[in-house]
Amino acid sequence: MIQGAQPIQKIIAAQKRNEAIFRVVAIAAVAISLATLGALLFDAFSDGLRRLDWQFLTSFPSRKPERAGILAAIAGSFYVVSLTSAISIPLGIGAAVYLEEYAKNNRFNRMIEVNITNLAGVPSIIYGILGLELFVRMMKLDRSLMAGALTLSLLALPTVIISAREAIRTVPSSIRQAAYAVGATRWQTTRDHVLPLAFPGIMTGIILAISRAIGETAPLIMIGALTYVAFLPTGLDSPFTVMPIQIFNWVSRPQKGFFECAAAGIVVLLILTLMLNGLAIILRNYYQRKFSVRSL
Amino acid sequence: MKDMKKLAAVFAMLAMVASSGTGYAATMVTADGSSTVYPISEAVAEEFGKANSDVQITVGVSGTGGGFKRFCKGETDISNASRPIKSKEADMCFEEGIEYIEIPVAYDGLAVMVSPQNDWVTSLTVKELNKIWAPDSQGKVTNWNQVRSSFPDKPLKLVGPGTDSGTFDYFTEVINGKSGSSRGDYVASEDDNVLVQGISSDKNALGYFGLAYYEENKDKLKLVPVDDENEGNGSGAVAPSMETVLAGTYQPLARPIFIYVSKKAAERPEIQAFIEFYLKNAATLSEEVGYVPLSAQAYELALARFKAGKAGSLFKKGTAGIKLEDALSK
């Protein structure tokens, strides 16, 4: 026996104790975040459910809280998020494929990589300022759906690119080598093997990016998204409002009725975000099952 | 491969959904600016929209300053403002060739509040308010007995709007003599509902904000009548109310709020119809959303100015102490 060493039982007991402590800490961490979420949900639902009815979902804003509704904001959010997805997802995946599969490992490309990572941490209001000058003023898109969607796309892109790259990197290189061995081109390999395998991981990034975009207010206020809009968007050049802006406006009004409107708006926003995420998760799981069995 | 095609189809569909429709041909009226004026413009837009469904009206809340920035670039037809246009902003408009017609739409009273548990304050003079809020008082005037010797020895807790708000600009102008000059050691929030909470929960607190928020929270707040020590407009301390604001006796804490209409936009029939509708209904609608309407005469004079296309501001030196009807009939 080495001098000073403890009997094995003692060591094991200490380890078990540590294990138990770690377990408690981990459970506490989960419990705290769940309890916070629960309290938030309870608060929003208890204030909002009374106000949440068909009339609320199908009405335009009004000076009277009992007549006010969130229709224009729901439509605006839906259009903006659809457009943002349509712009940022293909661009983001494309950029990730280039950086992972095509780009040479030189100083220039490494600089691009570092910059994209940094962009993910830029406060959203900065994107709003950029969007205001670039899209609203220089490209003369005015306060349109297109300007809003382009601004939010800028915001979503870094997240999409980073997660797509991570996902592509996890595809084993043996898969690529096998494809090359039977004469596939780089594009064929990427399209038929790398991307399908990376798809579930890419989806996770997209969920995160789009969930963030649907709740963003600051950049859209910056580019001048509106508060009172009593019509549905009719085209890419149409003015619009989104749910967070409408909720923010209701919260700051003196009448108590608007407070209930705000709570009901939060419930609608939560439900729509959950539905969106749910859809994305179903898609991800579907592709996960499909490709993992076939290729491994 | 097939799945990638499916995915591409999904994206194409998303893009199509988002771009469906072929642009809007309807006539538009665009307004932006102060959040104080917003409830009135929203109410007018709502009622006007019911009668004229072919006109689409949008109202934004960029703040008075932010609204003028966009207005002077020609991006909006109407700018909501809780104070008259500043000379800097007027210069900006001039450079861009934007002429504007100034239209007062209602009065907004600023209310000074304490908690209902505060049993020593029954009124304050403008001088005392100045002593409380002056920049020099920062860190020095911290006890109620420093404001008036008969007040108890209790810490003075201050609550007020943040520096971006037009309410802050106006209060500091009439109480401290210079717009924007105030002590900084108070709890500031841009959200008036937060201010209501702050005052109602602390018996040593004092704060100020728009009268509309008092009207909705009467049970949680105690209104402090203000004495401007000028016998000419009501003697003694005057509490803000519809009557005292309209009669001009609740001075200096009542101010007119405005909309500015671009002269070029005013040539369009839908803008003319909207502004006429605005002035004819502002009295009822502004009262409904918690503001004090102007006199019938003031609305008529304002409409006449609009119809005559008289550009420029009547309130280059501020609105304090000016009778609207006199200014408008010049």
Side-chain angles (χ1 to χ4, degrees), chain A residues 60-64 67-68 78-87 89-90 93 136-137 142-143 145-146 149 188 191-192 195-196 199 221-222 224-241 245 248-249 251-259 283 286-287 290-291, chain B residues 1 3-4 7-8 10-26 28 30-32 35 38-47 49-50 53 56-62 66 70 73 75-76 190-194 196 209-210 212-217 285 288-290:
Chain A
F60 289 118
S62 167
R63 68 181 180 285
K64 297 206 164 123
R67 276 211 311 245
F78 174 75
Y79 279 98
V80 168
V81 167
S82 306
L83 263 177
T84 304
S85 314
I87 296 164
I89 296 172
I93 297 177
V136 177
R137 303 238 157 96
D142 209 12
R143 294 166 293 174
L145 268 179
M146 197 63 197
Q188 284 169 331
R191 185 188 60 195
D192 296 340
L195 276 185
F199 186 76
I221 288 185
M222 198 67 217
L226 298 148
T227 306
Y228 180 83
V229 176
F231 50 88
L232 297 178
T234 46
L236 290 180
D237 52 353
S238 185
F240 68 102
T241 186
I245 293 183
F248 180 67
N249 176 262
V251 168
S252 65
R253 301 287 281 266
Q255 289 84 1
K256 286 204 187 54
F258 283 120
F259 211 73
L283 246 130
Y286 172 75
Y287 278 93
K290 194 158 172 172
F291 291 115
Chain B
M1 162 99 201
D3 293 290
M4 285 290 128
L7 260 188
V10 169
F11 284 127
M13 259 165 58
L14 274 178
M16 261 165 56
V17 166
S19 63
S20 60
T22 49
Y24 55 97
M28 298 271 305
T30 56
D32 202 342
S35 59
Y38 173 82
I40 306 179
S41 287
E42 180 197 47
V44 175
E46 186 186 355
E47 290 305 314
K50 272 186 205 158
S53 54
Q56 296 184 334
I57 307 159
T58 63
V59 189
V61 271
S62 308
R70 307 198 41 225
K73 281 204 161 95
E75 293 174 2
T76 52
E190 301 294 344
D191 183 347
D192 293 312
N193 289 318
V194 173
V196 171
F209 46 76
Y213 287 86
Y214 167 72
E215 299 286 338
E216 292 296 326
N217 295 283
L285 292 176
E288 209 176 292
V289 293

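FYI, side chains are in, hydrogens and waters are out, and symmetry mates aren't considered; it's all heavy atoms of this structure. Quick caveat, the model's predicted, so the values are computed rather than measured.
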Max heavy-atom pair count under 4.5 Å with chain A, selected residue of B:T58, B:V196, B:V59, B:V61: B:V59

Can you tell me how far the OG1 atom of A:T241 sits from the CZ atom of A:F60, to the nearest 0.5 Å? 12.0 Å

More than 12 heavy atoms of other residues, nucleotides or ligands under 6.0 Å from CZ of A:F259: yes or no? no

Among B:A45, B:G49, B:S41, B:S62, which has the most heavy-atom pairs under 4.5 Å with chain A? B:A45

Beyond-backbone contact of B:D32 with A:R143, side-chain heavy atoms, under 4.5 angstrom: yes

Applying a strict 4.5 Å limit to non-hydrogen atoms, the region of B:D192 in contact with chain A is neither

Given the options A:Q188, A:Q255, A:K64, which has more heavy-atom pairs under 4.5 Å with chain B than any of the others? A:Q255

At a 4.5 Å cut-off on heavy atoms, which part of A:R253 comes close to chain B: side chain, backbone, both, or neither? both

When every non-hydrogen atom of A:P233 is compared with those of A:Y79, the smallest separation belongs to CG-CD1, 3.8 Å

Minimal non-hydrogen separation, A:P239 against B:M28, with atom names: CG-CE, 3.5 Å

What part of B:I40 gets within 4.5 angstrom of chain A, counting heavy atoms only: side chain, backbone, both, or neither? neither

Relative to chain A, which segment of B:Y214 carries a heavy atom at a distance below 4.5 Å: side chain, backbone, both, or neither? neither

Between B:E46 and A:R63 the two heavy atoms that sit nearest each other are OE1-N, 2.8 Å

Please rank B:E215, B:E42, B:K73 by heavy-atom pairs under 4.5 Å with chain A and give me the top one. B:E42

Contacting moiety of A:V251, where chain B heavy atoms sit under 4.5 Å: both

Closest heavy-atom contact between B:T76 and B:T30? CA-OG1, 3.5 Å

